[in-house]
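Structure first, then comments.
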Amino acid sequence: MNDSLKTAEKILAQSGEINEKQFSLLEMFTHGGPIGIFVMICLFLLFMLSLYIFFERFLTLKKFSNKNSSILNDIKDLIHQGNINAALDLCKRTHTPEARMLYKGLMRIGKPTRDISDAIENTAQLEIFELEKNVGVLGTISGAAPMLGFLGTVIGMIIAFFATSAQDQASAQMLAGGIYSAMANTAAGLIVGLLAYLFYNILVIRIDRSVHALQLTAIDFLDILNKPVTH
């Protein structure tokens with residue numbers, strides 16, 4: 001009878017110890033062994049790279065969209081006044097993709113419209129390439145991060161099952177600890193991948209708006225050149 005009571009007390013004590021154990025994100029992310037920690041470091045670096053690219057491109061695109069769009073109207077007035085040099089100087093002083101595109105068009109005034117259109121189009125393509133700089137990296141991270149996390153999980157579970165099989169009396173607690181540590185890699189990979197995917201799509205939407213603005217500017221500029229001056 002006494003032995004049964006002692007056994008019951010031991011079981012209750014063990015269950016109390018288990019219940020007292022608090023869930024810790026830090027422990028979960030650092031309890032995966034050398035491979036798990038290495039995967040977490042890689043995912044953290046990918047996350048920081050995603051943040052840097054997102055904010056750097058976001059601020060660049062915001063700066064472009066906030067620029068005064070009156071430059072086209074100013075150039076229109078200067079062209080009608082016959083002051084091409086002043087229009088060129090205005091484009092040089094305005095550091096925007098729109099101004100650089102218009103500068104190339106102004107440089108070819110007097111040539112066939114097709115040549116002017118080609119110059120504007122080629123410059124616009126270069127400017128779009130600059131606007132999209134490093135955005136593709138976010139797309140890569142959005143796909144690579146979950147796979148990296150899943151790879152860490154698979155390796156971690158292999159190690160956990162191998163360690164459990166090597167024990168004469170493997171406990172469920174030991175196995176569960178190895179599994180939840182390994183699954184943390186997948187969770188971290190999904191979080192990084194999801195954020196990178198959101199960052200990528202936000203930037204793509206803003207880039208599309210900027211490209212549309214450049215196209216409208218190019219069309220309006222060609223209309224200005226082809227429209228006869230009325231006094």
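By convention here, the first residue in the shown sequence is residue 1.
Pairing each heavy atom of Phe54 with each of Ile202, the nearest pair is CE1-CG2, 3.9 Å. Of all heavy-atom pairs between His95 and Arg100, the closest is C-NH1, 3.9 Å. Closest of all the heavy-atom pairs between Ile75 and Cys91 is CD1-SG, 3.4 Å. The two residues Arg108 and Asp115 come nearest to each other via the heavy atoms CD-O, 3.9 Å. For the residue pair Leu61 and Ser210, the shortest heavy atom distance occurs at CD2-OG, 3.9 Å. Residues Ala184 and Met40 approach most closely at O-CE, 3.3 Å, considering heavy atoms.
Side-chain atoms of Thr217 come within 3.5 Å of backbone N or O of Ala213 as a donor-acceptor pair. Between the Thr153 side chain and the Thr186 main chain, a donor and an acceptor come within less than 3.5 Å of each other.
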Given side-chain contact (heavy atoms from CB on, under 4.5 Å), test Ile207 with Val211 step by step and report yes or no.
CA-CA 6 Å; Ile207 290 173; Val211 171; 4.1 Å; yes

Could you walk me through whether Leu222 and Ser117 pass the side-chain contact (heavy atoms from CB on, under 4.5 Å) check?
CA-CA 7 Å; Leu222 292 174; Ser117 177; 4.1 Å; yes

Which is it for Ile120 and Lys104 under the side-chain contact (heavy atoms from CB on, under 4.5 Å) test, yes or no, and what are the steps along the way?
CA-CA 6 Å; Ile120 291 176; Lys104 292 296 183 181; 5.5 Å; no

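Glu56 has its side chain out of reach of Lys133: every pair of non-hydrogen atoms, C-beta onward, lies at least 4.5 Å apart. The side-chain heavy atoms of Leu148 and Asn185, taken from C-beta on, include no pair separated by under 4.5 Å. When side chains are defined from C-beta on, Leu138 does not count as touching Tyr197, because their heavy atoms never get closer than 4.5 Å. Counting heavy atoms from C-beta on, the side chains of Leu106 and Phe221 come closer than 4.5 Å.
Residue His212 holds its NE2 atom at 11.0 Å from CZ of Arg209, rounded to the nearest 0.5 Å. For the atom pair CG of Asn83 and CG of Asp77, the computed distance is 11.0 Å after rounding to the nearest 0.5 Å.
Open room surrounds OH on Tyr200; 12 or fewer heavy atoms of other groups in view lie less than 6.0 Å from it.
A continuous path of hydrophobic side-chain contacts links Tyr52 to Val192 [ILVMFWY only; heavy atoms under 4.5 Å]. A continuous path of hydrophobic side-chain contacts links Phe44 to Ile53 [ILVMFWY only; heavy atoms under 4.5 Å].
For the side chain to side chain contact (heavy atoms under 4.5 Å, CB included) test with Met107, the passing option among Ile84, Ile116, Leu88 is Leu88; the others fail.
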